[in-house]
Amino acid sequence: MAAICVFCASSRTLEQRWLDLAADTGAELARRGHTLVSGGGCVGMMGAVADGARAAGGQTVGVIPQALVDLEVADLAADELLVTDGMASRKTLMIEKSDAFIALPGGLGTLDELFEVWTTATLAMHAKPVVLIDADGFYRPLLDWLGTLADRHFLKPAGLDLLLVAPTVPAALTLLESHLT
């Protein structure tokens with residue numbers, strides 16, 4: 001099956017529902033036979049998605065910069081833990097190692113990763129599907145704003161169409177799987 005990268009929050013202060021969403025995502029990836037690629041952290045949603053995948057028998061690949069390893073937040077239980085020299089090389093390696101991408105709710109780091117893979121897709125640097133899980137309308141304000149970019153010709157409609165959106169984990173994975181080449 002595919003190696004699917006999941007972008008999500010690593011905050012330690014999240015509501016339990018977001019941690020549960022991440023764990024469910026990891027478990028569903030594993031049940032469908034996919035390998036999880038993550039940011040290599042063991043905290044917040046990032047830790048929960050990896051734990052969920054492993055609990056359901058899935059394989060996990062973590063990609064983490066040395067600076068975060070030094071802070072003792074690395075997912076040492078990952079089947080494969082790749083350590084990079086910085087955040088930019090981390091994103092590059094995550095893109096190289098993945099066949100598709102899912103963005104769960106998150107903050108600046110999640111948005112940075114999402115926009116990186118989406119931008120490179122709009123530039124035809126890869127043809128890997130990018131799916132945003134809009135759980136509980138988390139991303140609705142962002143999606144509304146992105147629509148105005150297309151309306152104002154700052155973003156081509158075809159570029160907007162490359163960002164796939166689903167409300168639930170099963171719907172996101174079904175959508176993603178239908179776009180894998």
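Note that the numbering runs from 1 along the sequence shown for the chain. What you are looking at is a predicted structure, and each value in this text was computed from that prediction instead of being measured.
Counted within 6.0 Å of CG on Leu108, heavy atoms from surrounding residues, nucleotides or ligands total 12 or fewer; the atom is thus considered open. Annotation for Gln16: atom CD counts as buried by contact number, over 12 foreign heavy atoms lying within 6.0 Å. In the displayed structure, Met125 atom CE is contacted under 6.0 Å by at most 12 heavy atoms of other residues, nucleotides or ligands.
A side chain to side chain contact (heavy atoms under 4.5 Å, CB included) with Leu132 holds for exactly one of Leu164, Leu146, Leu143; it is Leu143. Screening Leu19, Thr110, Thr25 for a side chain to side chain contact (heavy atoms under 4.5 Å, CB included) with Met45, the sole residue that qualifies is Leu19. Results of the side chain to side chain contact (heavy atoms under 4.5 Å, CB included) test with Val63 over Thr92, Leu93, Leu81 single out Leu93 as the only residue that passes.
Residues Leu175 and Phe7 are members of one and the same hydrophobic cluster, defined by side-chain heavy-atom contacts under 4.5 angstrom among Ile, Leu, Val, Met, Phe, Trp and Tyr. No path of Ile, Leu, Val, Met, Phe, Trp and Tyr side chains, each step under 4.5 Å between heavy atoms, connects Met94 with Val73, placing them in separate hydrophobic clusters. By the criterion of side-chain heavy atoms lying less than 4.5 angstrom apart, applied directly or through intervening Ile, Leu, Val, Met, Phe, Trp or Tyr residues, Val83 is grouped together with Leu71 in one hydrophobic cluster. Both Leu111 and Val131 belong to a single network of hydrophobic side chains, linked directly or stepwise wherever heavy atoms of I, L, V, M, F, W or Y lie under 4.5 Å apart. Cluster annotation: Met46 and Val117 are assigned to distinct hydrophobic clusters (Ile/Leu/Val/Met/Phe/Trp/Tyr, side-chain heavy-atom contacts under 4.5 Å, transitive).
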query = After noting the C-alpha distance and the side-chain angles of Trp118 and Leu160, does the key distance pass the side-chain contact (heavy atoms from CB on, under 4.5 Å) rule?
reply = CA-CA 9 Å; Trp118 182 26; Leu160 189 58; 4.2 Å; yes

request  = Please test Leu173 against Ile102 for side-chain contact (heavy atoms from CB on, under 4.5 Å), starting from the C-alpha separation and ending with a verdict.
outcome  = CA-CA 9 Å; Leu173 284 170; Ile102 291 176; 3.6 Å; yes

request  = Start with the C-alpha gap between Phe101 and His126, add the side-chain angles, then the distance that decides, and say whether side-chain contact (heavy atoms from CB on, under 4.5 Å) holds.
outcome  = CA-CA 12 Å; Phe101 306 92; His126 68 80; 4.1 Å; yes

ask   = Could you go step by step and tell me if Ile64 and Thr84 meet the side-chain contact (heavy atoms from CB on, under 4.5 Å) rule?
value = CA-CA 6 Å; Ile64 189 166; Thr84 65; over 6 Å; no

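Put simply, the side chain of Ser89 gets close to the backbone of Gly86: a donor and an acceptor are under 3.5 Å apart. For the pair Asp79 (side chain) and Thr60 (backbone), a donor-acceptor distance under 3.5 Å is present. At least one donor-acceptor pair under 3.5 Å links the side chain of Asp134 to the backbone N or O of Tyr139. Side-chain atoms of Thr122 come within 3.5 Å of backbone atoms of Thr119 as a donor-acceptor pair (strictly under, hydrogens ignored). Proximity of a side-chain donor or acceptor of His34 to a complementary backbone N or O of Ala3 within less than 3.5 Å is not detected. Distance alone, capped at 3.5 Å, is enough to place a donor-acceptor pair between the Lys128 side chain and the Ser98 backbone.
Classification of Asp75 and Arg54 as a salt-bridged pair holds, one side-chain N sitting under 4.0 Å from a carboxylate O. Using a 4.0 Å cut-off between a side-chain N of Lys or Arg and a carboxylate O of Asp or Glu, Asp20 and Arg17 do not qualify as a salt bridge. The pair Arg32-Glu177 meets the salt-bridge criterion, with a side-chain N (NZ, NE, NH1 or NH2) lying under 4.0 Å from an Asp/Glu carboxylate O.
When all heavy atoms of Ala30 and Gly57 are compared, the closest pair comes out as CB-C, 4.4 Å. Nearest approach of Ala171 to Ala166, heavy atoms of both residues: C-CB, 3.9 Å. Taking each heavy atom of Leu36 and Ala53 in turn, the nearest pair found is CD2-CB, 4.1 Å. Counting all heavy atoms, side chain and backbone alike, Cys42 lies closest to Glu72 at SG-O, 4.5 Å. Nearest heavy-atom pair, Gly106 versus Ala9, reported as atom, atom and distance to 0.1 Å: CA-CB, 3.8 Å. Residues Val43 and Ser10 share a closest heavy-atom pair of CG2-O, 3.3 Å.
Taking 4.5 Å as the limit, every side-chain heavy atom of Asp85 sits out of range of all side-chain heavy atoms of Pro65. Using a 4.5 Å heavy-atom cutoff, the side chains of Gln66 and Arg90 are not in contact. Residues Gln59 and Met1 form no side-chain contact, since every pair of their non-hydrogen atoms from C-beta on lies 4.5 Å or further apart. In this structure the side chain of Val37 never reaches within 4.5 angstrom of the side chain of Val6, judged on heavy atoms. Looking at heavy atoms from C-beta onward, Ser38 lies out of side-chain contact with Val61 at the 4.5 angstrom threshold.
Proximity of the aromatic rings of Phe138 and Trp18 is defined here by a centroid distance below 6.0 angstrom, and this criterion is met.
Atom-to-atom distance recorded for Cys5:SG and Lys91:NZ is 12.0 Å, nearest 0.5 angstrom. A distance of 16.0 Å separates NZ of Lys97 from CD1 of Ile4, quoted to the nearest 0.5 Å.
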